[in-house]
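Remember, it's a predicted structure, so these values are computed and weren't measured experimentally. Hydrogens, waters and symmetry mates play no part in the numbers below; they use all other heavy atoms, side chains included.
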Amino acid sequence: MKNLSTILVLAVLITCCVTHVRSDASDHRYNDGDAVPLYANKVGPFHNPSETYRYFDLPFCSAGDVKEKREALGEVLNGDRLVSAPYKLEFRKEKDTEVACRRKLTKEEVAQFRTAVKKDYYFQMYYDDLPIWGFLGKVDKEGKTDPSEYKYFLYKHIQFEVMYNKDRVIEIGAKMDPHSVVDLTEDKDVDADFMYTVKWRETNIPFENRMDKYSQSSSLPHHLEIHWFSIINSCVTVLLLTGFLATILMRVLKNDFMKYAQDEEAADDQEETGWKYIHGDVFRFPKHKSLFAAAHGSGTQLFTLTIFIFMLALVGVFYPYNRGALFTALVVIYALTSGIAGYTATSFYCQLEGTNWVRNLLLTGCLFCGPLFLTFCFLNTVAIAYSATAALPFGTIVVIVLIWTLVTSPLLVLGGIAGKNSKAEFQAPCRTTKYPREIPPLPWYRTTIPQMAMAGFLPFSAIYIELYYIFASVWGHRIYTIYSILFIVFIILLIVTAFITVALTYFQLAAEDHEWWWRSFLCGGSTGLFIYGYCLYYYYARSDMSGFMQTSFFFGYMACICYGFFLMLGTVGFRAALLFVRHIYKSIKCE
């Protein structure tokens with residue numbers, strides 16, 4: 001109860017912390033003529049979402065001193081770098097073709113803009129915390145087959161249309177004037193007058209619903225049909241799998257129980273076969289018990305982290321363009337749940353009669369964060385080389401290190417001490433013999449790799465349709481807000497993972513193979529490997545990402561995410577298998 005209350009307190013703290021960003025983000029009221037903040041955020045190739053640069057890395061002109069907006073941790077992690085834009089949009093003040101600034105572009109600057117237009121660069125701004133998107137220019141390919149004949153143009157006139165309700169900004173749209181352009185085709189100096197037009201329209205949309213425009217884009221009828229088809233497909237898979245395996249296992253186990261009951265009434269010298277034959281070995285502790293306990297602890301922490309993220313998503317914290325809220329929640333919740341990893345790993349390690357619990361605790365702390373830290377160091381170096389906004393400033397790195405040092409590590413140690421002192425014993429219904437039985441030769445399809453392939457395919461088949469939308473949101477510009485459907489898919493994933501692991505564990509024990517501990521963990525976590533395989537398919541077949549930086553970011557961070565899924569689902573699979581094994585061996589008399 002004490003641990004449960006602590007978790008609930010942490011959940012409340014996190015919810016308050018992140019929703020504070022939401023409530024204070026942009027509840028502004030304005031009078032006529034008041035200055036409404038307009039920030040330029042970043043620019044970058046449209047098809048490479050990780051490769052973004054500061055707005056003024058391109059030679060745009062500025063109307064005065066450029067002021068940087070102070071940003072939260074999550075915004076910096078998201079690659080946002082907001083600065084004051086050259087356009088002035090006062091509340092309810094219309095403007096017609098007003099010159100924001102003038103600039104004479106040199107040959108080098110013309111070439112820089114031409115390269116940006118060639119790569120489909122877009123810009124992103126925020127007006128009263130409402131997003132604005134647009135492309136920098138266009139390529140004229142009409143009637144031309146040779147790329148050297150293409151003409152490149154830079155848009156220089158942006159037309160804003162702002163909707164308001166009384167004294168609040170409700171919506172903003174921006175479109176580029178296709179007839180007001182600067183020719184970038186030749187390397188020569190050109191004069192550019194950057195202009196803008198502002199139109200205001202009144203609307204009845206209440207301020208509280210102004211973000212619905214973005215949320216509803218992922219809830220369009222044809223999208224919802226696909227999502228519900230995915231849900232129905234997954235549910236049918238679960239029902240068929242559950243019904244089939246339950247029927248098989250129930251019948252087989254019933255026959256086994258009846259046979260073993262008859263054997264006990266018959267002569268004692270009759271030789272045992274099947275899973276009862278290995279009752280003296282089935283609870284023999286696994287090899288590399290410290291690593292196994294650390295993986296179990298890390299997986300439990302990641303499972304807890306996922307549940308908290310879903311809780312925040314379902315209450316509406318991660319609404320569209322709530323900049324950095326998800327990253328802030330991930331960092332803070334991971335830090336606060338490190339005590340769960342320490343407690344689970346050390347407690348389980350001591351149950352497995354481990355003695356060096358300090359080393360186990362260190363291994364637990366590094367098992368997930370170690371690969372993540374190494375991946376981050378490499379990718380951050382790549383981002384610095386590209387001068388991209390994905391490169392974290394030194395101050396942000398210091399903040400993350402302080403969170404790790406002052407929050408994550410102490411909680412991990414406290415959890416480890418609590419786990420060591422819990423005095424819990426491993427509940428084994430059968431005594432373990434002194435010497436292990438020899439495992440009989442097994443056919444190739446009963447070895448680890450084929451079993452992992454079978455175990456990972458079914459859970460993956462239940463989620464692969466939803467995976468596309470998640471990838472298109474994380475590694476693209478699609479908005480994803482249907483968290484309720486995603487949560488249902490996650491529950492289905494857990495059920496299928498648990499059930500298929502239990503089934504494979506039974507077949508393994510029936511073949512008199514008692515080394516089921518690691519096998520159940522590997523089979524449960526194998527879905528993470530299938531997800532990484534889907535990454536290859538998505539990158540080459542469903543996206544237009546290119547370049548070393550975007551490729552390394554995609555495969556690097558997806559490797560960390562899939563590794564996290566491996567640990568989390570491996571823990572789920574092992575826990576389900578442990579409950580099953582305890583249950584069936586409790587039901588028989590073990591000598």
Side-chain angles (χ1 to χ4, degrees), residues 226-249 252 295 299 302-303 306 442-472 485-511 513 515-542 555 558-578 580:
I226 297 174
H227 287 295
W228 282 115
F229 172 77
S230 170
I231 292 289
I232 294 171
N233 174 60
S234 301
C235 287
V236 169
T237 303
V238 170
L239 290 174
L240 289 176
L241 176 69
T242 305
F244 174 73
L245 292 179
T247 303
I248 295 296
L249 290 180
V252 170
L302 293 172
F303 178 76
T306 306
L442 300 173
W444 66 270
Y445 56 85
R446 285 188 179 272
T447 56
T448 303
I449 300 299
Q451 295 281 293
M452 288 177 64
M454 284 189 284
F457 176 75
L458 280 173
F460 174 77
S461 66
I463 65 169
Y464 80 97
I465 294 178
E466 209 66 26
L467 273 182
Y468 168 75
Y469 289 94
I470 297 170
F471 273 58
I485 290 181
L486 185 61
F487 184 66
I488 295 173
V489 171
F490 177 71
I491 297 299
I492 293 173
L493 172 65
L494 297 181
I495 295 172
V496 178
T497 299
F499 219 99
I500 194 67
T501 307
V502 165
L504 291 175
T505 300
Y506 170 77
F507 295 135
Q508 180 184 359
L509 297 177
D513 180 0
E515 295 181 348
W516 62 274
W517 299 70
W518 274 110
R519 179 77 65 85
S520 64
F521 192 95
L522 294 173
C523 287
S526 59
T527 306
L529 302 179
F530 276 82
I531 296 175
Y532 199 68
Y534 181 82
C535 293
L536 295 170
Y537 164 75
Y538 182 84
Y539 181 85
Y540 289 107
R542 304 302 295 269
F555 287 108
M558 281 311 302
C560 293
I561 292 172
C562 293
Y563 176 52
F565 265 92
F566 175 81
L567 293 174
M568 179 180 71
L569 295 177
T571 300
V572 172
F574 165 70
R575 275 294 172 187
L578 179 61
F580 171 75

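- Contact record, Cys562 with Cys535: SG-SG, 4.5 Å, taken as the closest heavy-atom pair.
- Distance SG/Cys523 to CE/Met454: 8.0 Å, rounded to 0.5 Å.
- A distance of 14.0 Å separates CZ of Phe303 from CG of Leu567, quoted to the nearest 0.5 Å.
- Taking 4.5 Å as the limit, every side-chain heavy atom of Ile463 sits out of range of all side-chain heavy atoms of Val496.
- Here CD of Gln508 is found 10.5 Å from OG1 of Thr447. Values are rounded to the nearest 0.5 Å.
- The 12-atom threshold is not exceeded at CZ of Phe565, counting heavy atoms of other residues, nucleotides or ligands nearer than 6.0 Å.
- Side chain of Tyr532 to backbone of Ile561: no donor-acceptor contact under 3.5 angstrom is found.
- Not counting sequence neighbours, the partners of Leu522 by the side-chain contact (heavy atoms from CB on, under 4.5 Å) test are Thr448, Met452, Phe566.
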Show your reasoning for whether side-chain contact (heavy atoms from CB on, under 4.5 Å) applies to Leu467 and Phe460. CA-CA 9 Å; Leu467 273 182; Phe460 174 77; 3.5 Å; yes
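- Under the rule for a side-chain contact (heavy atoms from CB on, under 4.5 Å), the partners of Ile488 that lie at least two apart in sequence or sit in another chain are Ile231, Ile492.
- Between Tyr445 and Gln451 the shortest heavy-atom distance is O-NE2, 2.9 Å.
- Contact detail for Pro459 and Thr527: the closest heavy-atom pair is CB-OG1, 3.4 Å.
- Considering every non-hydrogen atom in both Phe574 and Trp516, the closest pair reads CE1-CZ3, 3.9 Å.
- For the atom pair CD1 (Ile465) and CD1 (Ile470), the distance works out to 12.0 Å, reported to the nearest 0.5 Å.
- Pairs passing the salt bridge (Lys or Arg N to Asp or Glu O under 4.0 Å) check and including a residue from residues 517-532, sequence neighbours excluded, read Asp513-Arg519.
- Under the rule for a side-chain contact (heavy atoms from CB on, under 4.5 Å), the partners of Arg542 that lie at least two apart in sequence or sit in another chain are Tyr468, Tyr537, Tyr538.
- Here the closest non-hydrogen pair linking Pro450 and Trp444 is CG-O, 3.3 Å.
- The side chain to side chain donor-acceptor pair (under 3.5 Å) search around Tyr539 returns Thr551, not counting sequence neighbours.
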Please output the side-chain donor-acceptor pairs of residues 497-505 that fall under 3.5 Å, not counting sequence neighbours, one pair per line with the distance.
| residue | atom | partner | partner atom | Å |
| --- | --- | --- | --- | --- |
| Thr497 | OG1 | Leu493 | O | 2.7 |
| Thr501 | OG1 | Thr497 | O | 2.6 |
| Thr505 | OG1 | Thr501 | O | 2.7 |

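- Put simply, CD1 on Ile531 and CG on Leu569 are 7.0 Å apart, with the number rounded to the nearest 0.5 Å.
- A search for ring-ring contact (aromatic ring centres under 6.0 Å, His included) contacts involving Phe457 returns nothing, not counting sequence neighbours.
- In this structure, OH on Tyr534 lies 9.5 Å from OH on Tyr464, to the nearest 0.5 angstrom.
- Of all non-hydrogen atoms in Thr571 and Gly299, the two that sit nearest each other are OG1-CA, 3.2 Å.
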